[in-house]
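Note sheet for the following structure.
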Amino acid sequence: MVRCKGGKNMNLKKLMNDFLQDYLNQNKIKFSEWSININNQVGFGDYSSNIALKLANVLKKTPIEIAKNIANHPNVSENIFSLSASKPGFVNFHVSNNYYLEILKQIISESENFGKKIKLNKSANVEFVSSNPTGPLTVGHGRQAILGDMVSNILTWSGYDVTREYYYNDAGKQMRVLAESCYAKYAQQIGKDVKMPENGYVGTYLDEIAEKIVYKYGKDLESDDPIFRDLTEKEIFSNIKNTLDSIGIKFDVFTKEGTFYKNGAIDNVLKTLEEKNLSYEKDGAVWFKTSSLDKGEDKVLVKSTGEPTYRLPDIAYHADKIDRGFDLIVDIFGADHIDTYPDVILGLKCLDKKTDHIKVVIHQFVTIKKGGEVVKMSTRKANFITLDELKEKLNPDIIRYFFIMRGANSHLDFDLDLAKDESEKNPVYYLQYANARISNLLKRYDLEISAKNDINYSLLKEKDEIALAKLLSEFPSKMEDVLHSLEPRKIATYLEEVASAYHKFYGNHKVINPQNADLSLARKKLCEATKIILTNGLSILGISAPERM
RNA sequence: GCCCCGGUAGCUCAGCUGGAUAGAGCAACGGAUUUCUAAUCCGUAGGUCACAGGUUCGAAUCCUGUCCGGGGUACCA
């Protein structure tokens with residue numbers, strides 16, 4: 001069982017469930033098909049359950065009749081919530097203000113640990129970006145990088161020991177073409193007429209590398225000199241690392257595809273599949289008998305050229321990750337993997353590997369608009385907008401927020417021309433502003449109020465105050481949801497609600513009032529708790545929480 | 001061909017493990033500033049939740065079909 005700091009809020013739901021269960025027990029009813037939902041609209045209590053609506057069929061009574069019965073059932077938690085029934089048959093829970101104010105104390109005492117799970121002794125591996133070093137990172141990779149980083153943060157927050165992993169192909173055809181392209185650029189620079197290879201890389205970043213090679217190694221290199229491959233990979237990879245570093249993303253492990261050729265893992269996969277009669281040769285290629293496993297058409301594992309397709313090394317790589325013993329394996333993939341990752345999972349199953357603990361997060365692509373036109377991005381054709389270019393225009397907080405403003409499953413339209421304009425309307429400022437306001441207020445408070453009283457939380461009874469406290473109390477259960485969905489956007493949405501509730505409270509009520517030091521203190525504590533939640537949430541998103549703006 | 005995603009206010013999108021009156025930002029209009037930071041707040045206006053069936057006490061949410069838009073994919077990864 002997971003122990004959770006800030007768990008009182010989860011106890012709230014448990015108490016409500018216990019109450020309903022007690023009603024069922026007392027009336028000797030066996031039933032478990034109910035839910036308890038939070039109410040955002042006012043008028044029907046803080047939470048409500050559909051239990052009476054669901055029971056109507058079973059008990060052959062009207063829902064409202066059952067709901068009224070339940071609401072009149074003896075309530076051992078009456079100091080925490082009271083009950084009512086409403087049409088057509090909801091059971092409503094009205095939580096006492098006191099409960100929320102208790103949570104405020106807890107937030108303040110636990111501070112940066114509020115809502116955080118203590119160490120679980122569980123490990124997770126998050127693989128993301130995994131872009132081959134054939135060119136600079138584009139805004140498309142940016143989405144994946146930010147998403148993966150935030151997912152990692154969410155897991156860390158939830159008690160996992162997280163390994164961030166970058167996997168790349170240093171051995172395949174693309175790298176060979178890249179080296180040939182680099183040689184062609186090199187040759188052109190020293191006046192030789194060498195054609196670009198078919199489907200070669202034409203980006204200007206290669207010109208710079210070729211130039212460097214001329215400068216460092218002279219003009220006499222042959223086309224097959226390993227320097228073209230090695231230096232290109234090294235240069236581009238170091239560029240990639242710098243870019244990631246500049247938006248605050250670091251990896252723990254870099255794994256090269258070549259490893260699995262060298263250590264025989266790929267041969268072993270092929271051997272095992274062959275032994276199990278799950279592969280065969282046709283037209284000079286090796287095929288994976290996916291059709292016999294009821295998964296569509298057979299897929300190629302090794303091309304007739306002798307080179308494996310993406311699937312084969314990826315199966316070997318995932319088998320390796322599984323063997324490393326992680327409790328959770330997360331793959332962040334772009335939409336281009338939608339078709340292929342099921343083959344990889346299937347391959348792993350064929351190797352008798354456990355796969356239940358693999359979670360795949362697929363995100364849709366970023367489409368770029370340049371001069372009003374949608375641009376199809378291709379690294380090879382040098383038709384892209386780099387993450388570095390983006391960074392020149394926008395600060396990292398904005399970039400991070402921009403990429404998670406849409407759910408992973410939605411396409412993200414990116415209009416570079418408008419990026420800066422839009423950034424000024426970016427909600428991230430709204431959150432940061434709330435935090436800066438609080439910071440300033442806390443400073444002022446110490447200057448203007450010197451009285452040292454005991455804190456009397458029960459002075460907080462205004463609607464805006466309770467609404468804010470209630471929202472703050474929901475943070476731990478919100479993080480539970482997020483752990484399940486691995487969708488950072490939900491944190492952002494929650495924080496926007498918190499900021500909004502705070503701005504509203506701030507606008508309607510004066511915190512610092514020397515004439516009423518007791519109330520001032522209670523309100524100050526509410527501000528402190530809000531700041532803690534905002535700071536904690538923003539830290540999971542990797543976004544700064546400036547003290548002043 | 002096969003697969004994935006989307007269609008909700010003028011625009012950009014939340015809400016989708018079914019719940020009560022569908023929300024927010026931007027844009028528009030009106031108001032609040034000798035301010036604890038106006039990067040804010042309050043108010044007005046704005047809707048056939050693409051369409052049609054189905055499931056049920058109840059559907060934006062689930063199922064089926066259709067239409068429209070975006071994307072992926074075939075021995076590139």
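A, B, ... follow the sequence lines: proteins, then strands. Residue 1 opens every chain.
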(message) Any N or O donor-acceptor pair under 3.5 Å from the base of B:A20 to the side chain of A:N92?
(response) yes

**OP:** Answer yes or no: side-chain N or O of A:T340 and base N or O of B:A77 forming a donor-acceptor pair under 3.5 Å.
**Re:** no

Can you give me the N/O atom pairs linking the protein to nucleotides 12-14 of chain B at distances under 3.5 Å, or say none if there are none?
residue, atom, partner, partner atom, Å
B:U12, O2', A:R406, NH2, 2.4
B:C13, OP1, A:R406, NE, 3.1
B:A14, OP1, A:S410, OG, 3.3
B:A14, O3', A:R489, NH2, 2.8

For [X], answer base if it contacts any base atom (sugar-phosphate contacts may also be present), sugar-phosphate if it contacts only those atoms, and nothing otherwise; contact means non-hydrogen atoms under 4.0 Å.
| X | value |
| --- | --- |
| A:L441 | base |
| A:P308 | sugar-phosphate |
| A:H363 | nothing |

Looking only at side chains, do A:Y430 and A:H503 share a donor and an acceptor under 3.5 Å apart?
no

**Message:** I'd like to know if the side chain of A:D331 pairs up with that of A:H337 as donor and acceptor (distance under 3.5 Å, no hydrogens or angles considered).
**Reply:** no

Stem ranges of RNA chain B by first residue number, counting only runs of at least 3 Watson-Crick or G-U pairs under 3.5 Å, come to B:1-7 with B:67-73, B:10-13 with B:23-26, B:28-32 with B:40-44, B:50-54 with B:62-66

Determine the Euclidean distance between corresponding C1' atoms of B:G6 and B:A50; express it in Å to zero decimal places. 11 Å

Give every pair of a protein N or O atom and an N or O atom of nucleotides 26-33 of chain B that lie under 3.5 Å apart, one pair per line with the distance.
none

Checking contacts here: which listed nucleotide ([options]) is nearest the side-chain heavy atoms of [X]?
| X | options | value |
| --- | --- | --- |
| A:V300 | B:C75, B:G19, B:A20 | B:C75 |
| A:D336 | B:U73, B:A39, B:A20 | B:U73 |
| A:F90 | B:G19, B:A39, B:A77 | B:G19 |
| A:N132 | B:G19, B:A77, B:A39 | B:A77 |
| A:Y429 | B:A39, B:A77, B:G72 | B:A39 |
| A:N57 | B:C57, B:A20, B:A39 | B:C57 |

Between [atom2] on [N] and [atom1] on [X], what's the gap in Å once rounded to a whole number?
| X | N | atom1 | atom2 | value |
| --- | --- | --- | --- | --- |
| A:D314 | B:A77 | CG | P | 11 Å |
| A:I362 | B:G6 | CD1 | P | 13 Å |
| A:N435 | B:A39 | CG | P | 16 Å |

Check: When you check the gap from the basic side-chain N to the acidic O, do A:K321 and A:E127 get nearer than 4.0 Å?
Finding: yes

Note to self: In terms of relative ring orientation, are A:F260 and A:Y317 parallel, tilted or perpendicular, with 30° and 60° separating the classes?
What the structure shows: tilted

Exercise. Should the ring pair A:W34 and A:F31 be called parallel, tilted or perpendicular, given that the plane angle runs from 0 to 90° and is split at 30 and 60?
Worked result: parallel

**Study point:** Audit row: A:K490, A:D481, salt bridge (charged side-chain N to carboxylate O under 4.0 Å, His left out) steps and yes/no
**Key:** CA-CA 9 Å; A:K490 295 193 174 190; A:D481 282 355; over 6 Å; no

Reckon A:K303 has a side-chain N or O less than 4.0 Å from the OP1 or OP2 of B:A77?
yes

Residue pairs passing the salt bridge (Lys or Arg N to Asp or Glu O under 4.0 Å) test with at least one member in residues 521-534 of chain A, sequence neighbours excluded, are A:E465-A:R523, A:K524-A:E528, A:K525-A:E528, A:K531-A:E547

Those residues at least two apart in sequence (or on a different chain) that pass salt bridge (Lys or Arg N to Asp or Glu O under 4.0 Å) with A:R143 are none

Show the distances under 3.5 angstrom between N or O atoms of the protein and N or O atoms of nucleotides 41-46 of chain B.
residue, atom, partner, partner atom, Å
B:C41, OP1, A:Y430, OH, 2.5
B:C42, OP1, A:K504, NZ, 3.4

